[in-house]
Amino acid sequence: MSVIIDFFIGFFILVGSLFCLIATIGVIRLPDVYTRNHAASKAATLGVMSILLGTFLYFYALEGHFNSRLILGIVFLFMTSPISGHLINRAAYNSGVKLWDKSVRDDLKEYNKKVLEKSSVD
Amino acid sequence: MTNLIILPILIPLFTGVILIFLNKRITGQRVVATISSISTMIAAGLIVQKVRTDGIQFLNMSSWDAPFGITLVSDMFSALLVLTTSLISFVCLIYSFKSIGEEREKYYYYAVFNFLLVGVNGAFTTGDIFNLFVFFEVMLMSSYVLLVLGGTKIQLRESIKYLLVNVISSALFVIAVAYLYSVVGTLNMAHISSRINEISVNGMPGILTVIAVLFLIVFGLKGAIFPLYFWMPGSYYAPPTPVLALFGALLTKVGVYSITRTYTLFFYHDIEAFGILSILAILSIVFGVIGAIAYWDIKNIIIYNIIIAVGVILYGVSVMNIASISGAVYYLIHDMIIKAALFLLIGIVIKITGTSNLRNMSGLITRYPGLGWTFFIASLALAGIPPLSGFVGKLLIVQGGFEGESFIGGFITLMSSLLVLFSVMKIFINGFWGKDRIYSGEEKAPVKQLLIAPVILVVISAFYGIGTESILPYITQAAHTLINPNLYIDAVLKE
Amino acid sequence: MSSLHLAILAPLVLSIFIPLFYRIFRHIHAGWFVLPIPIVLFVYFLTFLPETMRGRSLIEMINWIPSLGIKFTAKVDGLGLLFALLITGIGALVVLYSIYYLAKNKEKLNHFYVYLLLFMGAMLGVVLSDNLIVMYGFWELTSFSSFLLIGYWYERDKSRYGAQKSMLITVFGGLAMLGGIILLYIMTGTFSVTELISQANAIFNNALFDPALVCILLGAFTKSAQFPFYIWLPDAMEAPTPVSAYLHSATMVKAGIYLVARFTPVFGEHFLWFLLVTSVGILTLVWGSIFAVKQTDLKAILAFSTVSQLGLIMSLLGAGAAALHYEFLDENIYTVAVTAAIFHLVNHATFKGSLFMAAGIIDHETGTRDIRKLGGLMHFMPITFTTSIIGAFSMAGLPPFNGFLSKEMFFTAMVHVTEMDLFNLNTWGILFPVLAWIASIFTFVYSMILVFKTFTGKYQPDKLDKKPHEAPMGLLISPVILVSLVIIFGFFPNLLSDSLISPAMASILPSLLEAGEEFMVHISFWHGPNIELFMTLGVIILGIILFKTHAKWKKIYKAVPEKLALNRFYDFLIEGMQSVPYKVTNTYMNGSIRSYLVYIFTFFIVILAATLIGKNAFTFDTSNVSSIGVYEVALAILVVLASICILFAKSRMTSIILLGAVGYTVSLFYVLFRAPDLALTQLVIETISVALFLVCFYHLPKLRRFETRMRFRFTNALISVGVGVMVTLIALSAHSNKLFDSISQYYVENTYTEAAGKNMVNVILVDFRGFDTLFEITVLAIASLGIYSMIKLRLNRRKEE
Amino acid sequence: MRKTNNLILETAIKVLLFFIVLYSVYIFTAGHYYPGGGFIGGLMTAGAIVLLLITYDIKTVEELLPVNYRILTAIGLLFAIGTSAGSLLFNVPFLTHAFGDVHLPLLGELSLHTATLFDLGVYFVVVGVTMTIIQTIGEDE
Amino acid sequence: MEILMAFVIGILFMTATYLMLSKSLLRIIVGTGLLSHGAHLLILTMGGLKRGAAPILGGNAENYTDPLPQALILTAIVISFGVTAFFLVLAYRTYQELGTDNVEEMRGTEKDD
Amino acid sequence: MIDIMIRLALVFCSISMLGLIYRVIKGPSVADRVIALDAIGVNLVAITALISIVLNSHAFLEIILLIGILAFIGTVAFAKYLEKGVIIERERNH
């Protein structure tokens, strides 16, 4: 039993940290804000959630300590990181950070243009 | 064990909070503040009487025994200072009614005023070194607010300097407490004292001397002793008069009190530390005098006189015999009263003339004789002319100094009186005497009402001097406790 | 409270009512209310005469501060009574004179008489107090009432100058005297003069004896305007003439004389006493008389003459102290000096008082006191002339006036000095009579100038503001009374000898008397052709010659450079006392917070380093340390790196973020050092602080968003390294010196059982040390109020609008 | 600056606020047993309100939460003082606490402790102070 | 560890001092921030580091770290937070009023108001 | 076994921390920094969790959620600042 638990704990933690690492690599290597944000908010969050899960298991299994805050934390992270990712991206876009020159689509730009035209027509 | 001794802290605290609710109702604020001030005074008086009859009073906060909780201790020294503080604050309060202005009153002037008293009274009463830090912060934070309240340019500018110096001093205070805790492992002052006493039979360990000096720096920054006073003249120049009077009368004295308390309670084994204190005290007198006679600005003159007084008091403490300590205690109280009076008086002068430059005023006594004579008497009291209040203190300090074979110090203390007199008489001769002039602020200044406050103080000062005999037992009791730290330790640690 | 105390305090207490009377009875001259006081007191003190003549003294005591040995002891003995009579007697005359001198409507009489009464009371207090502290109090009160009287016409610059000068010098002396008193107290344990005298022998060899002596003499010399402190007296002439007549000739300046007389039994046997008192006295005598000749202002002449005469009395007292070295009364030839001193004291009060009043009359009637403008007044004011000439002749030492007698005795005393076999005086003591003689010549000269320049010679109406005429009767009463005294004492000197002089001598030289004995004083008019008489003749002859020729040789005075004058020195001192400190103070008080911090930190470093080294306090002990972990090291490196990076950060943003980094790392430290509560708090606080930083600084209206240039400053670096090193060193030695266990075990044991909590830190915060927390949140509340009002309340801006 | 809608944030904030406030209350009540206490709890609550302020604006939030924070501070102080001074009525030293343990479902061990009341004062003060500072500066900008 | 910490604290004080001696108001306030960090760490260090478990009862720890310094630091942190906030706003207002954040320009030798 | 894994995980996390710090310093745009800071916050959560395992104490688990909340608020604030130039508006839509 404990071996299996140990395994799961180790697994979650290790995988989580690897995710984190990969996310970081992404943040460093990726070419523009939007892609980096993608790496950070997706991969890192997943990694951290996994680590938290591992930690939760660790305390629950080895010490019998049911820590509700950890669960709360996982849920919280799960909810917030997309929002913050979204906000940053939108802010970056609106404050005029350029897309990567190899980006292929920019729907928002066209949409904005449309809105702008519309309002000018009005 | 009596809850009485917390009242001088609790009443202003409670009042301060109530006044936050009342911030738009000025009359209400004034009434509440006055009532609280009077009740604080009564409480302080009761404490003094209680200490006189029953000896040192203490109160273990939250009912935890002495070294573990926080203990408030009221010996005669602190009780007297608390009484003086509440008295001065009452007077400054009355003065504020007519001078501080509605805007400031609406922006929590009275509330912060009361919080300042919480800090000061707390610092005088607490028996815990870290709690002292907390009360210092209460006091300092209130003083920052009072200093900057109004937001004029000069206030802002000087507040920055004041704040910065005090932040540094607070940080040093924290590290001094940390060092002390590392060495003796406790925070209760009586406990610290008894622990230091245990190991200092054959002289105090060097590290404790270092800590003693560090404490001297910390409190010296607040009390404005010689190489640490530089921030003061500028900062005290900025605030409105009643605040200035409070600062001048109370804040530096808290530093002086703390030096006295720590040195007589913790470090009395250490001759070197006392030597340093003595030298610094004498230098404070010298440099204070140099500043006081240099300026033609009435505010600056009185501000530099604070430094002189601090030097004189600490010199008395550093000699550490019964005469000099009694003198220091006596002089400390005298100085609080008379400094407040002087600041209030020059406040009126500035209000009338619209300037603090002595060269731009003259002949005030022709139309303001009451002001002039009050100032004259206050100046004499400041210079220590019998039978006014400064005299006995100075006499005892000098006598103690001579007895302690510290002739240079005693002589300098004595002669400082002359230059103090010179500096304040300069104001009298040039500002009050001379040809009468017309001034800008004359119509606005309600001189008669404003004068009530300083007159009260001067009358008290006169009684303090003439009625010395009835006050002296209290002073002697205070000095006796300071000289024999065991009284303090026994009172707190042994139930 | 005895009648004696009442008598002393009466003028002080009654002075309070003067403004009241003044206000109610506007049409009556306020002087009339005052006049009864000195008269009643004079009569009252006369009643003591029989007692003191019998050698007894009366002591009354009120306890003032008995626990400090300060009692208001009033003692009337011969010396005290002499002075008391002088004060009240002359006081009555002066008040009478002033009623006519000061106009009822023009002057602020209420002030004047308050000051005058204050002075009178103070002076009575000085001479009748046995307790030195009380005496000191009255002593200072005389200084201040004199200050107020000199500055009576405070709108004049010269009045203020003179007032300040006299106050500074006399208060200086007073303080020195206080020092002496304290020294005496330390030696003997008493402030009572009577007890001091009884212990005088015991303290003779005490190391503090000499300093005490010098201090007391400083007090006496400044008050009695002795060289070099006399400079205040001529400037004090700015006071109204009645004041000059009263304070600056007859009474206050004699307080120093009184002090010397009073302390003669204590210090008199000491050589230093003799040396200082006698030589300073003689020097002052010569100096004052020489400079008096130079003056052109009537009152200035009188002022210098007073200086000189005071020197004379002083030197007599000094010489008289020599008497203490001889046991037997009969053979004691030196007591004559004391006799002369007291006699001259009285005489001086009479003739100088009358002269001052005459000068006042002249000033009053002609509008000037400048002798260059005066002349030929004899015909206009015959009575004034008569009084003046009698006074001046007495001052010059001409028979048959009282001045002659005391001058003769003075010569006798000075001649005796040469005969002393003490202190090698038989060799150099010859200086004393010679100097005394020279001074007498000059005294003669200026006395003559005073009278003849004013009253004879050419009348110059064009130089005068008013047409002179004789003064009204009221103004003349007082000088006439005084002048008649001059004559009476001249013819019947022994009126004084038994009643006043002998008892006073008994107080000055008590050790010479056996029980029941008293001094037999007999002043005779004719001694036969002895050396003193020849000296007097020499004085008269040489004096007349010099007076006749003085217009010629007076130029010599101009040869003395003005710069060397003591007045110049005083002005220079006062000026320098203000300007030099101003410059000095302004150099270090430059308003720059950086400089202040540099001073503070430098002091911090220096004094702590000195203590560490001096007390050998640095200890280093590695036995009691915890292990070093990898994470901690990593964090430590992070903190260090981040904090050092701040130093080189160029933009605001960077330094704020780096500060945040330090803060967060510190919170990680708290995690590693097992302080979860701290970590929580630090994290949140750090976040809020960083946010505030950003809001307050980054988001400001743009001035310069970035620092222009970062300059490396060597001093700053040095100081900061010093501070860091000191903190580290002390931390190391404090850690190595854990001398006691911490009290923390108590919390571990009691947190759960007694306080029902598990989180010790929190329990300490809300329970064990809840008091701290209460005020910690108070601090926060104050800060928020402050921030609120700082942003909302802007007095400046509104004013501008 | 172009107007942007804030739909995602405004929607999510309703849930998140609940989380944060719940957490802050938890951390406040648990203070006696686990890390936390009135101070940190108050800061978290303030954080929640700040989040609201960021999402909406001062005026909206004022309508939502019509609280004068300076008064809140004062109330908090009154609470703390009142709790401490209550002991004066029983003639025991100032600030003496009394307690009794109660076990509540869900929240676990909760003690009825006057110290908690004291801590509540701290909580209010901290919320009041933080919000006063932030609001004041926010309004000034 | 304590020795290492002593050096870290020393460096914090050093940098803090250097910053406080500079002209820019911001750097000065940053300096005070570092100063208080240093002071807080010093209290912790002086209480002894890592002498046992976190001071929360309930575990099965034998020893606990000294809780007292932690409580002191907590108080000190809160207070220095209040002071820093005040200082910041003061600086902000000064900046608005005087138009500078250079303390050398705030000497005020000319007493204007 | 589990010990080694945790250490390993800590090392990974630390490395990613360094990487993120690099990004914070490098930029180039403010948005990049904010992203990296947000990621640092999230990473801190992980590290705290791991440390509390190492220290074998659940006292620090409270910090996790706290960091999460703070990081979120911080990011939102930054985003708002970037977009609107203010963090707290007095009144929207005007």
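Each chain gets a letter, A, B and so on, in the order the sequences are listed, and its residues count up from 1.
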A.B. asks: Tell me, side chain or backbone of E:Ile73 under 4.5 Å from chain C's heavy atoms, or both, or neither?
C.D. replies: both

A.B. asks: Under the criterion side-chain contact (heavy atoms from CB on, under 4.5 Å), I'd like the reasoning laid out for C:Leu597 against E:Met20: C-alpha separation, chi angles, the key distance, then a yes or no.
C.D. replies: CA-CA 8 Å; C:Leu597 292 186; E:Met20 286 189 294; 4.3 Å; yes

A.B. asks: Pick whichever of C:Ile685, C:Val633, C:Val779 has the most heavy-atom pairs under 4.5 Å with chain E.
C.D. replies: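 Looking at each of C:Ile685, C:Val633, C:Val779 in turn, C:Ile685 comes out on top.
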
A.B. asks: Flag the one option from C:Ile782, C:Ile593, C:Leu780 with the top tally of heavy-atom pairs under 4.5 Å to chain E.
C.D. replies: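 Heavy-atom pairs under 4.5 Å are most numerous for C:Leu780.
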
A.B. asks: What's the separation between atom CG in C:Leu678 and atom CG in E:Leu72, rounded to the nearest 0.5 Å?
C.D. replies: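 So the CG of C:Leu678 and the CG of E:Leu72 are separated by 10.0 Å.
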
A.B. asks: Checking side-chain contact (heavy atoms from CB on, under 4.5 Å) for the pair E:Leu26/C:Ser655: CA distance, chi angles, key distance, verdict?
C.D. replies: CA-CA 9 Å; E:Leu26 172 75; C:Ser655 26; 3.9 Å; yes

A.B. asks: Could you report the tightest heavy-atom contact between E:Phe81 and C:Ser689, atom names first, then the distance?
C.D. replies: CD1-OG, 3.9 Å

A.B. asks: C:Phe693 vs E:Thr84, test: side-chain contact (heavy atoms from CB on, under 4.5 Å). Steps then yes/no.
C.D. replies: CA-CA 9 Å; C:Phe693 264 104; E:Thr84 310; 4.3 Å; yes

A.B. asks: So, the side chain of C:Lys738 versus the backbone of E:Gly47: is there a donor-acceptor pair under 3.5 Å, distance only?
C.D. replies: no

A.B. asks: Under 3.5 Å, is there a donor-acceptor pair linking the side chains of C:Asp772 and E:Thr75?
C.D. replies: no

A.B. asks: Tell me, for E:Leu88 versus chain C, whether the close heavy atoms (under 4.5 Å) come from the side chain, the backbone, both or neither.
C.D. replies: both

A.B. asks: Hey, are E:Gln70 and C:Arg674 close enough side-chain-wise for a donor-acceptor pair under 3.5 Å?
C.D. replies: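 There is no such pair (donor and acceptor under 3.5 Å, judged by atom type) between the side chains of C:Arg674 and E:Gln70.
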
